[in-house]
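What follows is a short report on a single structure.
Each chain gets a letter, A, B and so on, in the order its sequence line appears, and its residues count up from 1.
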2 protein chains.
Amino acid sequence: MGPMGDMTEPRWLTDEEQHVWRAYLHATTLLEDHLDRQLQRDAGMPHVYYGLLVQLSQAPRRRLRMTELARSAKITRSRLSHAIARLEKNGWVRRENCPSDKRGQFAQLTDEGMEVLRRNAPGHVAAVRQAMFDRLSADQVEQLGAIMRVMAEGLEPADADADLPWLR
Amino acid sequence: MGPMGDMTEPRWLTDEEQHVWRAYLHATTLLEDHLDRQLQRDAGMPHVYYGLLVQLSQAPRRRLRMTELARSAKITRSRLSHAIARLEKNGWVRRENCPSDKRGQFAQLTDEGMEVLRRNAPGHVAAVRQAMFDRLSADQVEQLGAIMRVMAEGLEPADADADLPWLR
DNA sequence: GACTCATTCTTGAAAGTTGAACTATGTACG
DNA sequence: CGTACATAGTTCAACTTTCAAGAATGAGTC
C-alpha cells in the first residue's frame, strides 16, 4: 500500500469544492474543444499540433530536439513522434539529424510551417482572447496565473532528484 | 468576411497574458493526464468515462437519456455512443429503450458500475485534492470557481435562441 | 574493448475521438 | 393523411493517443 492506500475515510469534497471542480472541468473541456475545432477548421490541425509549431517558431533556429519539445509541450515522446510525422507529411516540419548525438533528432519548422502559423495566429489569439482574456478582469487574470502556476508545480513530472520526497 | 475576418492588426497577447496562457495550458494538460493515468491504472477507464459513471450515479434511477448525458458531460453524442458501448461491454452500464420515445435510449448505471465507482471514488478524490484543493488557499478556490464559471459561460454552445446576438 | 545500463527516438497495435452519413422516429403544417 | 423537416442515436472511416516493445547510440566501469 502506497501513501494513498490507507483506508481511512477519505476527505470528500465540500459542496463548494465540488462546484468549483465541476466548473473547472466544464470550462477546460469546452475551451479545449473550442480551440481544437477552430484550429482544425482554419489550420487543419488540432490545438496540440499547433502548439508544437508555436514552440518551434520560438526556438533558436526554429528547431528543437524531440525530447526537449516533448518536455516543453508536456506530451510523451511517442506522441510527439507520431505528431511530427504527421506535420512532416504536411511539409510544416522537417527532421534533422543531430550531429553531436547520433540518436538525436531535431524537429525544425519549415518556411511553409512558419507561414501556416502566420496565417492562423490572429484567429487563434482572437479565440483565446474571446474565451479568456476578454471576459476576465485584470485581477482575475492575475489570480488565474497564480493558481495555474501552483497547480502545475504540483503536477510537474518529478525529476529523479525531486522524486518521492516523502520517502527519503 | 465574418465578424472575425477583418484584417486589422490583431490584439496580440501581452507578456503577462502569454505567461498566464502558458501556465493555464501546462496546468490543465498535466492535470488531465494525471487523472487519466490514475483512473486508467486503478479503474481501467479514462477520466471522461469515469465522469459519465459519476453523472449517471447522481441521476434519478441512475439513468439518463443519451443526449442529456452527452450535454451535461460536454461531449458529442457520437463520442458518447462509443463510450457507452465500451462501458456496457464492461458491464458497468446498460442501455434501455425509452418507452415514450422510440428513438430514445437510457444509459443506466449497473450495480457493478456503482461498485466500481465506490471502489475508486476515494482514490480519485484524493488525486483531485492533491492536485488542486490541497494546494490552493480558500480565496484561490473561490477565485478559481468564479473564473471558470465566467469562461464556461462564454463557451456554452449557444442555444437556438441565444445564437449570434450580434446579428439580430 | 566488453559489459551493463541509460537515453533517444520510433514503431505497431489497441483504444479513443471526430465529423459526416445514415436510420428511425417524432413534429408541424398543409 | 402526407410531406417536410427536426431530433435521437448509431456507425463508418480517418485520425489521434496510449502503452509496450524495440533499435540504436551514449556513458560508466572493469
Side-chain angles (χ1 to χ4, degrees), chain A residues 29 32-52 63-90 93-108 157 159-161 163, chain B residues 29 32-41 43-52 63-90 93-108 157 159-161:
Chain A
T29 65
E32 181 62 12
D33 280 15
H34 183 63
L35 296 182
D36 263 342
R37 278 179 227 293
Q38 194 253 328
L39 284 169
Q40 189 68 59
R41 174 168 53 79
D42 296 348
M45 66 189 134
H47 183 211
V48 180
Y49 288 27
Y50 183 87
L52 296 175
R63 58 178 212 176
L64 284 172
R65 286 288 297 272
M66 294 294 280
T67 297
E68 194 51 35
L69 180 50
R71 211 184 47 69
S72 86
K74 265 79 186 164
I75 65 178
T76 62
R77 281 181 311 246
S78 170
R79 186 176 177 183
L80 181 63
S81 262
H82 290 295
I84 293 294
R86 197 274 221 186
L87 292 171
E88 200 171 20
K89 219 182 296 183
N90 283 285
V93 165
R94 90 177 122 259
R95 281 183 230 242
E96 275 179 4
N97 294 323
C98 174
S100 66
D101 183 340
K102 288 178 190 167
R103 298 167 303 179
Q105 294 269 193
F106 287 102
Q108 174 161 40
D159 293 356
D161 285 334
D163 213 1
Chain B
T29 66
E32 182 61 11
D33 280 14
H34 183 64
L35 295 181
D36 263 342
R37 277 180 227 290
Q38 193 254 329
L39 283 169
Q40 189 69 59
R41 173 167 55 77
M45 67 188 134
H47 183 213
V48 181
Y49 288 27
Y50 183 87
L52 295 175
R63 55 179 216 176
L64 284 172
R65 286 288 296 271
M66 294 294 280
T67 297
E68 193 51 34
L69 180 50
R71 211 183 45 69
S72 85
K74 264 80 185 165
I75 65 177
T76 62
R77 282 178 312 240
S78 169
R79 187 175 176 184
L80 182 61
S81 264
H82 290 294
I84 293 294
R86 197 276 220 184
L87 292 171
E88 200 171 18
K89 221 182 293 184
N90 283 287
V93 165
R94 89 177 123 259
R95 280 182 230 243
E96 275 179 6
N97 292 323
C98 174
S100 67
D101 185 339
K102 289 178 190 168
R103 297 167 304 180
Q105 293 268 275
F106 286 103
Q108 173 160 40
D159 294 355
D161 285 336

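Here the range on DNA chain D touched by chain A, meaning any atom under 4.0 Å from one of its heavy atoms, is D:dT16 to D:dG26.
Residues satisfying the ring pair (Phe, Tyr, Trp, His ring centres under 6.0 Å) criterion with B:H34, sequence neighbours excluded, are absent altogether. The side chain to side chain contact (heavy atoms under 4.5 Å, CB included) check on A:N97 picks up A:Q105, with sequence neighbours excluded. With sequence neighbours excluded, no residue forms a salt bridge (charged side-chain N to carboxylate O under 4.0 Å, His left out) with A:R77. Under the side-chain hydrogen bond (donor to acceptor under 3.5 Å, both in side chains) criterion, A:D101 pairs with A:R103, sequence neighbours left out. Applying the side-chain hydrogen bond (donor to acceptor under 3.5 Å, both in side chains) rule to B:R95 yields the partners B:E88; only residues at least two apart in sequence or on another chain are considered.
Contact annotation for B:R71: no contact, since no heavy-atom pair falls under 4.0 Å across all strands.
Rounding to whole angstrom units, CE of residue B:M45 and P of C:dG16 are separated by 11 Å. Atom CG in B:L52 sits about 13 Å away from atom C1' in C:dG16, given to the nearest Å. For the pair B:E32 CD and C:dG16 P, the interatomic distance rounds to 14 Å; values are reported in whole Å. We find that CZ of A:F106 is positioned 13 Å from C1' of C:dT8, with the value rounded to whole Å. Remark: C1' of C:dT17 and CZ of A:R37 are 10 Å apart, rounded to the nearest angstrom. A:L69 has its CG atom 14 Å from the C1' atom of C:dT8, to the nearest Å.
Across residues 94-102 of chain A, A:R95 each have a non-hydrogen atom less than 4.0 Å from an atom of DNA chain C (numbered order). Sorted by residue number, the members of residues 79-89 of chain B with any non-hydrogen atom under 4.0 Å from DNA chain D read B:S81, B:H82.
The closest side-chain heavy-atom distance from B:I75 to B:L52 is below 4.5 Å.
Each of B:G104 and B:D33 was matched to the nucleotide of DNA chain D holding its nearest heavy atom; the match closer to the 5' end belongs to B:G104. Between A:P46 and B:E68, the residue anchored nearer the 5' end of DNA chain D, judged by the nucleotide with its closest heavy atom, is B:E68. Two residues, A:Q105 and A:Q40, neighbour DNA chain C, and the one matched to the more 5' nucleotide by heavy-atom proximity is A:Q105.
From B:E96, atom CD reaches atom SG of B:C98 across 10.0 Å, with rounding to the nearest 0.5 Å. Distance check, rounded to the nearest 0.5 Å: OG1 of B:T29 to CG of B:D36 gives 11.5 Å.
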Heteroatom pairs (N/O) under 3.5 angstrom, protein to nucleotides 1-7 of chain C:
| residue | atom | partner | partner atom | Å |
| --- | --- | --- | --- | --- |
| C:dT7 | O2 | A:R103 | NH1 | 2.5 |

Sequence neighbours excluded and cut-off under 3.5 Å, please list the side-chain donor-acceptor pairs for residues 64-72 of chain A, or say none.
| residue | atom | partner | partner atom | Å |
| --- | --- | --- | --- | --- |
| A:E68 | OE2 | A:R71 | NH2 | 2.8 |
| A:S72 | OG | A:Q55 | OE1 | 3.0 |
| A:S72 | OG | A:Q55 | NE2 | 3.4 |

What pairs of donor and acceptor atoms, side-chain ones from residues 37-49 of chain A against any protein atom, are under 3.5 angstrom apart with sequence neighbours left out?
| residue | atom | partner | partner atom | Å |
| --- | --- | --- | --- | --- |
| A:Q38 | NE2 | A:D42 | OD2 | 3.0 |
| A:H47 | ND1 | A:E32 | OE1 | 3.3 |

